[in-house]
Amino acid sequence: MHEMGIVVHLAKTLDEFAKENHVTKIGSVTLSVGEVSGIVTDLFTDAWQYFSRKHPILEGAELRMEVIPAITYCDGCGKTYETATHGRTCPHCGSGETWLVQGNEVIIKEIEAETDDPNAVRN
Amino acid sequence: MKIIELKETITASNDRDAQNLREELRESGALLINLMASPGAGKTTLLDRTIRDIGTRHRIGIIEADIDSDVDARHLAALGVSAVQAHTDGMCHMDAGMTRAALEELGYGDKDLIFLENVGNLICPAEFDTGAGKNVMILSVPEGDDKPLKYPLMFRTSDVLLITKTDAACIFDFDFDKCEERARKLNPDIRIFRVCAKNGEGMEAWEDWLEEQVRGWRA
């Protein structure tokens with residue numbers, strides 16, 4: 001249950017951010033989730049619902065997830081292609097010497113929040 | 001409500017905790033080695049052999065992380081090193097907070113080398129910085145030479161790859177050169193040792209590396 005561990009850390013990161021920036025309420029959290037990050041979004045949402053109840057600042061906050069498409073680069077021909085469709089083998093030249101450029105990251109993109117601090121940004 | 005851009009990785013809070021812990025360990029002179037591998041790869045056997053070989057020259061501590069049970073901690077404590085069992089409460093990895101709690105239970109002020117035997121898993125442990133000074137992974141021959149292709153993050157975050165159970169190479173179709181080439185493509189700086197903890201083959205090079213790191217950490 002890989003998602004649970006990640007949600008625990010997400011909640012902790014948001015808790016700290018809220019304290020530092022005098023955030024009084026979080027309305028929503030938007031994540032950018034790589035297409036091949038290994039996160040199962042349904043499981044992640046379940047874990048979020050469970051853990052957000054334990055962190056008062058997150059209670060009732062909506063979780064939004066945006067997908068970052070996975071793109072692979074081919075060493076053989078120098079072209080890129082969609083990882084999810086073609087996997088590890090380059091559809092242009094058939095080479096297996098290919099590397100993921102993006103798509104395995106999970107980033108907290110933004111939050112909607114009420115704050116007492118007019119310049120609320122982490123320094 | 002206003003929108004605040006964070007653009008921060010989801011584990012940012014753990015990354016900060018881990019960095020703080022690493023600095024504290026550096027000051028106290030205790031090198032923490034995070035040992036990661038699949039279940040059954042031979043983490044405990046490798047530690048057993050390493051402790052028998054170099055244990056008298058160092059003040060070693062062991063943290064055994066498992067979802068349940070304390071068989072590994074008891075096994076290693078029988079060799080005369082201090083060992084604590086950390087339970088992860090169902091989590092498939094150790095993070096910096098859990099590692100700190102286990103280190104406090106173990107007591108690290110009087111140690112120079114501490115092994116954290118992470119939960120057997122090639123995925124989650126690679127995602128969470130524990131605060132260790134060095135990350136070491138084991139890939140055992142029976143698991144196959146294709147594992148760098150399947151679990152790239154683990155190979156990218158490890159400073160050392162130990163290919164173990166080399167005595168089983170005649171049974172399994174394991175291509176050492178191919179495996180090493182795949183690992184180096186993901187991580188050009190990775191140090192690779194081929195070892196057999198059972199018959200001791202190759203252990204010296206790994207142990208020399210380890211002792212060099214202990215000296216470097218203290219300096």
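Keep in mind that this is a model prediction, so the values were computed, not measured. Below, chains carry the letters A, B, ... as their sequence lines are ordered, and counting in each starts from 1.
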Could you tell me the separation between the CD atom of B:E8 and the CD atom of A:E16, rounded to the nearest 0.5 Å?
8.5 Å

Picking from A:A113, A:S32, A:G38, A:S28, which has the most non-hydrogen pairs under 4.5 angstrom with chain B?
A:A113

Test salt bridge (Lys or Arg N to Asp or Glu O under 4.0 Å) applied to B:K2 and A:E114, step by step:
CA-CA 6 Å; B:K2 64 191 262 181; A:E114 274 171 18; over 6 Å; no

Lys/Arg N to Asp/Glu carboxylate O, A:E110 vs B:K7, below 4.0 Å:
no

Min side-chain heavy-atom separation B:N14-A:K12 under 4.5 Å:
no

Residue-level contacts of residues 100-108 of chain A with chain B, using a heavy-atom cutoff under 4.5 Å
A:N104, A:V106, A:I107, A:I108

If I measure from the heavy atoms of chain B, does A:V7 come under 4.5 Å with its side chain, its backbone, both, or neither?
neither

B:L149 versus chain A, the contacting section by heavy-atom distance below 4.5 Å:
both

Close side-chain approach of B:I4 to A:N21, heavy-atom, < 4.5 Å:
no

B:S13 side-chain N/O to A:H9 backbone N/O, donor-acceptor pair under 3.5 Å:
no

So among A:I6, A:T13, A:V33, A:L14, which one has a side-chain contact (heavy atoms from CB on, under 4.5 Å) with B:I10?
A:I6

Most contact-rich option vs chain B, by heavy-atom pairs under 4.5 angstrom, among A:K25, A:K109, A:E97, is A:K109

Should B:L6 and A:I111 count as side-chain neighbours, where that means a heavy-atom distance under 4.5 Å?
yes

More than 12 heavy atoms of other residues, nucleotides or ligands under 6.0 Å from CZ of B:F172: is that the case?
yes

Quick check: under 4.5 Å, non-hydrogen atoms only, which of residues 66-92 of chain A neighbour chain B?
A:D75, A:R88

